[in-house]
Each structure stands twice: as structure tokens, then as C-alpha cells.
Amino acid sequence: MLELVPKTHDESRQGEAYAPAATDTTTYAKKFYIESYGCQMNFNDSEIVASILEKEGFGATRNYEEADLVLLNTCSIREKAEQTVRKRLGEFRRIKEANPGLLVGVLGCMAERLKTKFLEEEKLVDLVIGPDAYRTLPGLIEEAETGQKAVNVLLSREETYADISPVRLDSNGVTAFVSIMRGCNNMCSFCVVPFTRGRERSRDAYSVVAEATDLFERGYREVTLLGQNVDSYYWTSPDNTETVTFALLPERVALISPLLRVRFSTSHPKDITDEVLFTMAKYENICKYIHLPVQSGSTRVLQLMNRTYTREWYMKKVARIKEILPDCALSTDVITGFCTETEEDHQDTLAMMDYAKYELAYMFAYSERPGTLAARRYTDDIPEDVKKRRLNEIIALHRQHSLLGMQKDVGKTLKILVEGTSKKSEDELYGRTDQNKVVVFPKENYKKGDYVIVKVTAVRQAPCWARLSAKDNVR
Ligand code: SAH
Ligand code: SF4
Ligand code: F3S
């Protein structure tokens, strides 16, 4: 069962989770095993890697013991994310000792951040490949098979993998992610992403629409357009006759079919425009849900973070969203304990949460990342116990808000998209509302991919999450 409020603490979204992925390997000569860490874009990259490898005769397996190649697609966002990968590499060392022919590769943001240092520090690693170099994987594998260490961490200004159709790994067959851009040009002072992912570039709008159309034709009913900063999406056709901004792209995807839901993430508060909000208002199938990371509620801290907006500016943006899209749900990311953060700054963050009433929040204690602006300019001076206490206060407040948000839905009649069978009961299905809340309801004759109108009857609660339950399905 998916949770309505995924674990609302430090480790909820990026950096720590992994999902071993598999395809049908019967037709492939060799097998690879891939674990992904970090953000959705990294998981989507693993699907691009799977596509490249399949063409080379590798099928994905969920069992690393039968693999010829083990890949870890890594994340550097917080120190803990890197520690998790190091620990996992230690486990693969033992497996490699028993099977010396096995190749172990590190992909993604840690590969980019540490480059050849990885090979010095982790002797068992055979391949190190950065996020823009996946096309060179086949050649690098050949090189590694001859016993050499193979590395490619070149970043690109053009690579978007636009022409590569990702192999959907462990998919529910209903919802899928489509990357629309890569890299990031913002320089939030705490963030390692601009260093690990390089310059921002937007993917050909036609290839985005073609990928979404193909997904729809294969039965998918929801696509989430992904980018670190989707609102700065800007694509110009090679002959310069056409420009597509982010106000247009979700519209083009929404027009594929009214039965295809469109979501997107992440919106930087400085970049989301009224035009985007109007596009959302115009199409019923563009979900009324915006991930709008605030990071801090204090203007002083926001300035140190180089977020380029103030507390008041952010509040105005929230008000504008509610004005144009009264039912729009908001989610956020919060960093607590950033350099010099005072109790007053912390109270400003709590007050901001009270103002915005986020349905979902990903909350983190600040983790200094080498090479970032903050690491170079400021001292990581908030003691760990203070960070932890502030984080707990933020989490506790958020739980109240998310519960309130769900209680508001009780009694409402909502349309949900069915994603699968409830883990708790074979007789129940679960699906999501437009606002991304999970609803469980009696199965009857419904199936995955159906839209069902349900009447929400209650909020089901457990210690750290809650979801809605419904009956009286209305066809
Ligand atoms: N591009 C997205 C976020 C990418 S990283 C955006 O701009 O919002 C996801 C989240 O991880 C960030 O929003 C931030 O809350 C958190 N994060 C990034 N660097 C961090 C750090 N050094 N310590 C703690 N949390 C961090
Ligand atoms: Fe990092 Fe800021 Fe870019 Fe998001 S917008 S990826 S937080 S630098
Ligand atoms: Fe992590 Fe890289 Fe994503 S650092 S959050 S995997 S862009």
C-alpha cells in the first residue's frame, strides 16, 4: 500500500531509497542489476541506462547474484546518501570476491562528484560514469572487461537522451516519469546538483510529446514531467522557428488525451508564472498540485541560500496560486539548520508552514556538501542536536497540516486514478486524487488504469502516515 503521506522525515525522498529493477531477462545473453538512489530523475536515468544496455544484449535482473554487471546509480545530495552507497559497495565487495568476473559500476551524481577519486577509494569499482555519459556505457563495459578501469564523467551542454526511449523498470503500468530537461543553472548555495548534473538544457518538445503519446498508447494514464526547475524549460527548434516554454509544454501533453493526467516537478518559486497557472486552470487533466520548495521561511536565510526570493515574495506566490487554482495542493522541501539559522529564523519557517499548509513536505537537516557555495563561504555552525530538534518541530507541525488537509476531503466526491491493489487487502484497490492523495476503496470490478469517482468516507491513520478510504463508488 502506498502511503498518503510518505514518511515525513529526513529520509523520505532523495538519496536513500533504492529499488532493484528488472525486465524479462530470458532473451538476453547477459544480465545487469541496477540499484537507484536519489531523485526521480535519477530513477528515470536508470531506465535510460536499461534501454542502452538492452541494445547491447543485457537484460535487467532483480537478483545480483546472477548478474554479470552491477550498477549503482548514486546520489550526492546529502552526506547520508553517499554513506548509504559506500555501505552498499562494501556488501558488493564480498560478492565480487566470490565472483571475480563480476563488473561493478558507479553511475550518477556521486560518480560525477568524485570522478577518478572513486577508483582510488573504492578499489572494487570497475566503472565510473557521470550522468551525461551513459551513451558511452557499452564501450566502457568492453574496456572494463579487459581488466582496465573505465571512467567517463564528462558533462555535456547538449545531452538530453531525447531519442532514447526509457525501458520502464518495475512500473505499475499506469504512471510514468518523463524527463524534460537536465542540469540546473541555479546556484542555491547548499546544493551540489549544479556540480553533478551540469548546465541546464531542455529536451526537444516533440520528443517529450512523442514519449508521452507512446506511454498513453501502451495504457499509461499519468505522466510526470521532470526537471530540477521545470518552469525554466525553454526549447527552440533547430531552425529557430518555434519556441516552447513551460507554459506550453504541459498543454501539449494534456492535449494527447483527456484521459492522460499530467503532473510536473519541481517548480522553483522564482520561476513559476501566471501563464503556467492559467494553463493548469484550463485543462482538467493537468493535476492541481504544485511542488514549490520553500527551503526556509526567513528572508535572511533565503538570501544566504541564494534562493533569490524573499519570504513575502513566496507568500504572494502562494496567494496567487490559490487565487487562480483554488483547489490546488502544495508540497514543499524544507532545510533546517542552515548556516547561522537562529531560533527566530526557525520560527519564520514554522510560520510559513502555517501559512501555506502544505499537503506534503520533504524535510531535511542541512548537510554540508563539499565544493558548494555554502561550504566555501559559511560555517556549518548549527549543532546536530539543534538541527534535529528543529527538524522534529517542523515534522510535527507538518503532520498536523497534512492530516487537516486530508480531513478536509472527507465527505467529498473525488475522481481517482487507480494504480493497483492494496497491499493490505486483495479486495481493495488504491488510487490517487488530482491532489496526489492516496485513496483505498473496494475493488468491485475496477482495475488498474481506471478512473473512479469515489466518495471519501474517512481518514485512515497510522503512526506516521495517513490515507483516505472511500466507498460508494460512483461510476
Ligand atoms: N531542484 C529542486 C530540488 C533538488 S534537491 C529544487 O530546487 O527545489 C531536493 C531537495 O533536497 C532540495 O529542495 C533541498 O530541500 C534538499 N537539499 C539539497 N541540498 C541539501 C543539503 N545540502 N542539505 C540538506 N538538504 C538538501
Ligand atoms: Fe539545487 Fe537549487 Fe538547482 Fe534545485 S534549483 S537543483 S536546489 S541548485
Ligand atoms: Fe541526488 Fe543527483 Fe538527484 S544529487 S537528488 S540524484 S540530481
Side-chain angles (χ1 to χ4, degrees), residues 17-38 41-76 82 84-154 159 161 164-171:
Y18 74 87
T23 48
D24 176 9
T25 51
T26 44
T27 52
Y28 297 97
K30 293 181 184 173
K31 296 186 175 74
F32 75 96
Y33 170 90
I34 190 163
E35 265 179 26
S36 310
Y37 297 78
M41 266 167 285
N42 225 31
F43 279 70
N44 197 225
D45 277 5
S46 292
E47 299 183 325
I48 288 167
V49 167
S51 175
I52 292 169
L53 288 176
E54 279 198 355
K55 290 203 178 63
E56 293 299 307
F58 282 90
T61 172
R62 208 172 267 131
N63 175 9
Y64 54 71
E65 281 169 3
E66 62 168 27
D68 305 282
L69 171 67
V70 165
L71 297 170
L72 296 191
N73 194 1
T74 61
C75 173
S76 286
E82 292 201 351
T84 310
V85 168
R86 298 266 192 203
K87 212 168 132 224
R88 196 69 178 134
L89 280 172
E91 287 160 29
F92 284 116
R93 185 171 301 129
R94 280 185 289 112
I95 294 150
K96 192 161 163 140
E97 272 160 17
N99 174 11
L102 174 74
L103 292 181
V104 176
V106 173
L107 314 177
C109 292
M110 254 177 110
E112 194 59 52
R113 196 177 82 73
L114 293 161
K115 303 188 170 69
T116 51
K117 241 174 101 190
F118 227 126
L119 298 173
E120 292 150 30
E121 289 171 17
E122 303 280 348
K123 299 265 185 281
L124 94 152
V125 173
D126 305 290
L127 296 139
V128 175
I129 305 156
D132 286 347
Y134 297 145
R135 282 183 207 269
T136 65
L137 246 169
L140 292 168
I141 293 170
E142 263 178 40
E143 215 177 300
E145 277 169 346
T146 68
Q148 298 169 59
K149 301 279 179 190
V151 183
N152 187 351
V153 287
L154 285 177
E159 181 62 273
Y161 301 110
I164 296 182
S165 166
V167 170
R168 303 291 160 183
L169 298 165
D170 288 334
S171 159

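Please read all numbers here as calculations on a predicted model, not as lab measurements.
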Could you tell me whether the side chain of [Y] reaches within less than 4.5 Å of the side chain of [X], counting heavy atoms only?
X	Y	result
Val70	Lys96	no
Leu71	Phe58	no
Tyr161	Arg135	yes
Leu53	Leu69	yes
Val106	Val85	no
Arg86	Met110	yes
Lys115	Val151	no
Asn73	Val49	no

For a quick test of reading the model, state the closest non-hydrogen atom pair linking [X] to [Y] and the distance between them.
X	Y	answer
Ser51	Val167	CA-CG2, 3.5 Å
Glu143	Thr146	O-OG1, 2.6 Å
Cys75	Glu82	O-CG, 3.7 Å
Leu124	Val104	O-CB, 4.1 Å
Ala111	Thr74	N-OG1, 3.8 Å
Asp45	Pro131	OD2-CB, 4.4 Å

Inter-residue atom distance [X].[atom1] - [Y].[atom2], 0.5 Å rounding:
X	Y	atom1	atom2	result
Leu127	Phe118	CG	CZ	12.0 Å
Tyr33	Glu65	OH	CD	10.0 Å
Thr136	Asn152	OG1	CG	4.0 Å
Leu89	Leu72	CG	CG	5.0 Å
Leu107	Ile48	CG	CD1	12.0 Å
Lys87	Phe92	NZ	CZ	12.5 Å

Audit row: Lys117, Glu120, salt bridge (Lys or Arg N to Asp or Glu O under 4.0 Å) steps and yes/no
CA-CA 5 Å; Lys117 241 174 101 190; Glu120 292 150 30; over 6 Å; no
Taking [X] for its side chain and [Y] for its backbone only, find out whether a donor-acceptor pair lies under 3.5 Å.
X	Y	answer
Asp68	Lys31	yes
Lys30	Gly57	no
Ser36	Ser46	no
Tyr37	Ser76	no
Thr61	Phe32	no
Tyr64	Ile95	no
Lys149	Lys123	yes
Asp126	Gly147	no

Stepwise side chain to side chain contact (heavy atoms under 4.5 Å, CB included) check, Ile141 with Glu56
CA-CA 10 Å; Ile141 293 170; Glu56 293 299 307; over 6 Å; no
Which is it for Arg94 and Asn99 under the side chain to side chain contact (heavy atoms under 4.5 Å, CB included) test, yes or no, and what are the steps along the way?
CA-CA 9 Å; Arg94 280 185 289 112; Asn99 174 11; over 6 Å; no
Criterion side chain to side chain contact (heavy atoms under 4.5 Å, CB included) against Val153, the qualifying member of Val128, Thr116, Leu114, Asp132
Val128
